[in-house]
Amino acid sequence: MDSTTPRVVDIHTHMYPPAYVQLLESRNSIPLIRKFAGAEAPRLIILPAEAESLDKSTSENPGKPSSHLPGRPVTTHYSSLSQKLHFMDTHKIDISVISLANPWLDFIAPEDAGETAKSINQEFSNMCGEAPGRLFFFATLPLTALPETLLAAVGYVRSLKYCRGVILGTSGLGKGLDDPALVPVFRALASNKLTVFLHPHYGLPSEVWGPRAAEYGHVLPLALGFPMETTIAVARMYLAGVFDQVPELRMVLAHSGGTLPFLAGRIESCIVHDGHLVKEGKVGPSRRTIWQVLKEQIFLDAVVYSEVGLKAAIDASGVDRLMFGTDHPFFPPLNTDEQGEWESVTWNAESVRKALGEGSEAARAVMGGNAVEILMLHEDD
Ligand code: 5CU
Ligand code: ZN
């Protein structure tokens, strides 16, 4: 394939390598993997909102049918490399930038975090080496470790041939991404040209879903909690001035930036009408607006499942900053063969075609060309 052939690149696609699966199997509180009697496959239970149903299903009825079990079945899609490649072939994806899924290493004891991150990143590096040219990865940082271990990890992942950045949750060192203690980490990432892929996990506090939440499956935390978490994290970074302190920082936001493209105008209005910020001199003429930051330091994935959402993302960040993704292995088909086409993938590809025109240059850019350029996925890299 020469360098002018349009390529399809999936920048939002996860793996749980076998060692991480074993780690989750050894745990008694979320995140964990647990086998339930009668269930076809072990279940992955990771969301804070799932913790309550886990307790109930364990105590009330261990033999429940699997549709009532908490979490999701851990199929071969989670950790098998050949399965990932099969999924890519089925959906005509040339290149995937794989990343560990949530909640990464947020739960690891500080003294173990450095070594655990190193071995997981090495596993990702090895997987990429088994399919050269088809796989790159976002590494995982040992955020609970001591600052020197964390900074050393940035240097280490930079040395791994197929690493193109790091996946980051919103908790940072425990106080969120507007924590001044994180600025040196952002500086180190920026100076090593490592792009941050920001991904939600914690959602919003369970109380906001109300007393009937269990009736609604995972819809509220996943559809609304995840995007709001991303939106809040980036708004806090913006208000704290992180993007100005680290102007070389580049961030890809999961799920097309949560609700940021839609809410950026309201954020701006709230800023310029805020007496406290105005009095503190934070709303002066040199201020970069959040719209500017969206077009200068932020990139968005195209995992938004609708033409309407995608158009907002394009308007906010620019069509040259948007990159296709699948969120594999999440959202598998429930009633058709998991080895065939996934509707969750075709919805996203279809939204790109509808918003930008079938076969258009812009559509090809979003489906892969942008990722090749932004993440430097050239074949000889
Ligand atoms: O279905 C889910 O829980 C998830 C998740 O945890 N992470 C993700 O990226 N997508 C869906
Ligand atoms: Zn994801």
Side-chain angles (χ1 to χ4, degrees), residues 9-17 20-21 24 27 30-34 41-54 66-67 69-75 77-79 84 87 91 93 96-107 124 137-140 165-171 195-204 206 209 213-214 216-231 233 251-258 299-305 309 313 323-334 338 342-345 347-348 371:
V9 180
D10 180 0
I11 67 132
H12 186 156
T13 179
H14 305 291
M15 296 283 295
Y16 286 84
Y20 189 74
V21 169
L24 295 181
R27 290 176 53 79
I30 64 158
L32 57 78
I33 290 176
R34 180 167 297 174
R43 311 283 294 187
L44 171 70
I45 297 139
I46 46 175
L47 302 182
E50 290 166 346
E52 206 179 307
S53 58
L54 169 67
S66 63
S67 61
L69 291 169
R72 45 202 82 50
V74 184
T75 64
H77 286 268
Y78 281 75
S79 46
K84 177 68 81 184
F87 171 84
H91 297 92
I93 293 165
S96 287
V97 186
I98 54 178
S99 51
L100 187 65
N102 44 308
W104 314 283
L105 305 180
D106 289 9
F107 56 92
F124 270 87
F137 74 105
F138 291 117
T140 309
V166 300
I167 185 163
L168 199 68
T170 62
S171 54
T195 298
V196 173
F197 176 31
L198 179 62
H199 193 292
H201 169 70
Y202 296 97
L204 297 178
S206 298
W209 311 126
Y216 313 138
H218 296 161
V219 173
L220 295 172
L222 286 179
L224 309 179
F226 268 32
M228 280 317 298
E229 179 187 350
T230 305
T231 309
M251 267 193 151
V252 180
L253 308 187
H255 315 125
S256 297
F299 302 85
L300 305 174
D301 74 18
V303 183
V304 70
Y305 308 100
M323 296 176 269
F324 176 71
T326 63
D327 219 347
H328 180 252
F330 296 107
F331 308 115
L334 296 180
E338 273 191 17
W342 289 27
E343 200 173 45
S344 54
V345 179
W347 276 24
N348 280 319

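Indexing begins at 1, ligand by ligand and atom by atom, following the structure's order.
Relative orientation of the Y20 and F107 rings is tilted, given thresholds of 30° and 60° on the angle between their planes. Relative orientation of the H12 and H14 rings is perpendicular, given thresholds of 30° and 60° on the angle between their planes.
Of all non-hydrogen atoms in G71 and R43, the two that sit nearest each other are O-NH2, 2.9 Å. For the residue pair F138 and I11, the shortest heavy atom distance occurs at CE1-O, 3.6 Å.
With no hydrogens or angles considered, no side-chain donor-acceptor pair links N102 and Y202 at under 3.5 Å.
Among the atoms of H12, an N, O or S atom falls under 2.8 Å from the Zn ion (ligand 2).
For H199, the N/O/S atom at the shortest distance from the Zn ion (ligand 2) is named NE2. Nearest N/O/S atom of D327 with respect to the Zn ion (ligand 2) is recorded as OD1.
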Ligand 1 N/O to protein N/O, distances under 3.5 Å:
residue, atom, partner, partner atom, Å
ligand 1, 3 (O), R72, NE, 3.3
ligand 1, 3 (O), R72, NH2, 2.8
ligand 1, 6 (O), N102, OD1, 3.4
ligand 1, 6 (O), N102, ND2, 2.8
ligand 1, 7 (N), N102, OD1, 2.9
ligand 1, 9 (O), H14, NE2, 3.4
ligand 1, 9 (O), H199, NE2, 2.9
ligand 1, 9 (O), D327, OD1, 2.9
ligand 1, 9 (O), D327, OD2, 3.4
ligand 1, 10 (N), D327, OD2, 3.2

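Under the rule for a side chain to side chain donor-acceptor pair (under 3.5 Å), the partners of T170 that lie at least two apart in sequence or sit in another chain are E229.
When atom types are taken as modelled, the side chain of N348 and the backbone of Y305 share a donor-acceptor pair closer than 3.5 angstrom.
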